[in-house]
Amino acid sequence: METTKSQPRILLIYTGGTIGMIENPETRALQPFDFTHLIDNVPKIKKLDYIIDNIQFNPPIDSSDMNPEHWKQIAKAIEENYDRYDGFVVLHGTDTMAYTASALSFMLENLAKPVIITGSQLPIGEVRTDGEENLITAVQIAAATRDNGDPMVQEVAILFENYLWRGNRSTKLSSDNFNAFKSNNYPSLAKIGLGIHYNLDALRCVTETRPLNVHYDMDTSVMFIDLFPGLSAQTLRYLFAAPGIKGVVLKTYGAGNGPTEPWFTDVVREAVERGVIVLNVTQCVNGGVHPRRYVSGDRLVCAGAISGHDITSEAAITKLMYLFGRGISRSEIHRHLQRSICGEVTA
Ligand code: ASP
């Protein structure tokens with residue numbers, strides 16, 4: 001194919017998800033299908049004067065099956081093609097999209113090009129699908145540049161319906177609405193209406209270009225523990241004693257609070273003393289942990305829990321996987337948990 005220098009080069013990485021699914025004729029349940037079916041349903045994409053290549057997961061998956069091995073595959077596809085393309089669009093199921101976006105943001109150190117993750121609520125073959133618009137808009141965003149020619153987006157982001165969100169700030173909000181994602185503690189990176197309106201104040205701006213450095217090791221010795229009224233000392237102790245666990249994201253009430261009864265902080269302290277890292281995040285969808293606002297939060301600080309501030313659960317768990325995967329010391333992990341690595345937490 002003849003190319004001109006100004007044609008943006010975009011690599012589509014198709015992992016699966018509803019966007020490419022079709023109905024199983026017997027059960028009527030949606031199941032992943034191949035990329036040819038997907039792209040044949042988006043004829044308009046040819047109207048973009050871009051060079052668009054693709055890589056596909058074989059087989060494509062429902063994102064409920066996503067795991068760190070798949071993140072490695074995505075990261076490898078980006079690393080191997082980094083210099084050849086201006087931007088990357090990852091087609092992904094919505095269920096674990098925010099986890100993948102968070103994980104990739106940590107794995108792709110020094111990223112200076114767009115990695116736009118998108119999918120859809122309705123399969124691309126359906127008449128009212130949101131997939132066609134999401135795919136085309138994601139490709140346009142991946143190709144967009146600033147006045148100085150640099151990529152407009154220089155980070156991992158999620159494009160869904162009317163918004164572009166920072167990947168490691170995003171959460172899936174709805175299993176029904178076309179606007180399925182939101183970043184509750186960070187502004188949108190762009191609003192999509194008649195035009196695509198970028199928020200330059202919110203977009204990451206790389207000031208010094210360094211070679212892409214991909215961290216492939218994600219250590220999965222981590223888990224969530226979600227507090228609820230009625231959780232017993234026995235159950236909590238049992239959960240914290242799960243074999244091989246190095247890090248726990250403790251999902252607490254409100255501003256980072258848990259029961260004030262001594263058994264609660266005793267169990268947390270015992271775990272911390274055994275070497276488990278406990279990251280305190282709020283169950284609230286908006287706002288963050290203010291650990292010393294209430295006695296109940298203050299006791300958790302004294303027990304050795306680290307405040308996750310306004311980090312999302314998805315970013316918290318993948319940040320722990322990434323930090324344990326780096327093989328760094330406990331004190332280094334503590335230090336990184338209290339700062340932003342790639343915009344995942346308000347410093
Ligand atoms: N279960 C699907 C997935 O995450 C849901 C979707 O894509 O919207 O792959």
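We count ligands from 1, going down the list as the structure has it; atoms in each ligand are counted the same way.
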Quiz prompt | Atoms in ligand 1 with a heavy atom of G17 nearer than 4.0 Å | solution = 7 (O), 9 (O)
Practice problem: Would you mind listing which atoms of ligand 1 come within a distance below 4.0 Å of any non-hydrogen atom of T18? | Solution: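 Per the distance check, 2 (C), 5 (C), 6 (C), 7 (O), 8 (O).
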Exercise. Please say which of L323, T318, L320 ends up in a side-chain contact (heavy atoms from CB on, under 4.5 Å) with F106.
Key: T318
Self-check item: From L279, L239, L300, V281, residue fulfilling side-chain contact (heavy atoms from CB on, under 4.5 Å) relative to L250
Solution: L300
Quiz item: If you measure from the Lys or Arg side-chain nitrogens to the Asp or Glu carboxylate oxygens, is any gap between R9 and D86 under 4.0 Å?
Solution: no
Quiz item: Is any NZ, NE, NH1 or NH2 atom of the basic residue among E270 and R237 found under 4.0 Å from an Asp or Glu carboxylate oxygen of the other?
Solution: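 Result for this pair is yes, salt bridge flagged.
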Exercise. Would you indicate whether E79, at its atom CD, is surrounded by more than 12 heavy atoms from other residues, nucleotides or ligands within a distance under 6.0 Å?
Key: yes
Self-check item: E161 backbone acceptor or donor facing N134 side chain under 3.5 Å
Solution: yes
How far is [atom] from its nearest protein heavy atom, and which residue and atom is that?
{"atom": "atom 1 (N) of ligand 1", "answer": "D95 OD2, 2.8 Å"}
{"atom": "atom 4 (O) of ligand 1", "answer": "S63 OG, 2.5 Å"}
{"atom": "atom 8 (O) of ligand 1", "answer": "T94 OG1, 2.4 Å"}

Quiz item: Taking N or O atoms only and a 3.5 Å limit, does K172 qualify as a polar contact for ligand 1?
Solution: no
Quiz item: At a non-hydrogen distance cut-off of under 4.0 Å, which region of S120 contacts ligand 1 (side chain, backbone, both, or neither)?
Solution: backbone
